[in-house]
Amino acid sequence: MTGNIYIYIFVAWFVSYLIRVLPLTLIRKPIKNQFIRSFLFYVPYVTLSVMTFPAIVEATSSPVAGAAALLVGVVFAFFGAGLFPVAIACCLVAFVAEYLLNLI
């Protein structure tokens, strides 16, 4: 079993390496296709959202409180609030929602 772990680590390294190196070696010219450029532009945002959204909803004891805090955060951010006010508003909403849900 201990010998297999090195194979697993090597395969994981090799796949990660290929994902990073192949685009650099195979694509030499600038990408002109507008669809591919916009797709590549949004990949980091989508990846961050996919990792963050479940954590926001599951951070509280009730998914309803997490969803309410998420909704308030999105609304505050949409109207131009900074990171700190959005974080404070989300924390307060999550706290109040948890309190009200515990009363029910």
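Keep in mind that this is a model prediction, so the values were computed, not measured.
Nearest heavy-atom pair across T60 and G66 is OG1-N, 3.4 Å. The two atoms that bring A69 and C90 nearest to each other are O-SG, 3.2 Å, heavy atoms only. Of all heavy-atom pairs spanning G82 and P85, the tightest one is O-CD, 3.3 Å. Closest approach of V86 and A77 over heavy atoms only: CG2-N, 3.9 Å. In terms of heavy-atom proximity, A65 sits nearest to A94 at CB-O, 4.1 Å.
Legend: ring pair (Phe, Tyr, Trp, His ring centres under 6.0 Å) pairs involving residues 70-104, not counting sequence neighbours: none detected. Residue pairs meeting the side chain to side chain donor-acceptor pair (under 3.5 Å) criterion with at least one member in residues 61-85, sequence neighbours excluded: S61-E98. The side chain to side chain donor-acceptor pair (under 3.5 Å) contacts involving residues 66-89 comprise nothing, where partners must be two or more places apart or lie in separate chains. Applying the ring pair (Phe, Tyr, Trp, His ring centres under 6.0 Å) definition to pairs two or more places apart or across chains, those involving residues 27-49 are F41-Y45.
Other residues sharing a hydrophobic cluster with V57 under the 4.5 Å side-chain heavy-atom criterion for ILVMFWY residues are F53, I56, L70, V74. In the hydrophobic clustering, where aliphatic and aromatic side chains (Ile, Leu, Val, Met, Phe, Trp, Tyr) are joined below 4.5 Å either directly or transitively, L71 stands alone. If you chain together ILVMFWY residues whose side-chain heavy atoms come under 4.5 Å of each other, V46 ends up grouped with V50. Using a 4.5 Å cut-off between side-chain heavy atoms of Ile, Leu, Val, Met, Phe, Trp and Tyr, V15 falls into a hydrophobic cluster with I7, V11, I19.
The distance from the CD1 atom of I88 to the CG atom of L92 is 6.5 Å, given to the nearest 0.5 Å.
In terms of the side chain to side chain contact (heavy atoms under 4.5 Å, CB included) criterion, residue partners of T47 (sequence neighbours excluded) are, by chain and number, V43, M51. T25 is linked by a side chain to side chain contact (heavy atoms under 4.5 Å, CB included) to V21, L22, counting only residues two or more places apart in sequence or in another chain. With sequence neighbours excluded, the residues forming a side chain to side chain contact (heavy atoms under 4.5 Å, CB included) with I36 are I31, N33, L40, listed by chain and number. Partners of A68 under the side chain to side chain contact (heavy atoms under 4.5 Å, CB included) rule, at least two apart in sequence or in another chain, are V93.
The local environment of CG in L18 is crowded, with over 12 non-hydrogen atoms from other residues, nucleotides or ligands closer than 6.0 Å.
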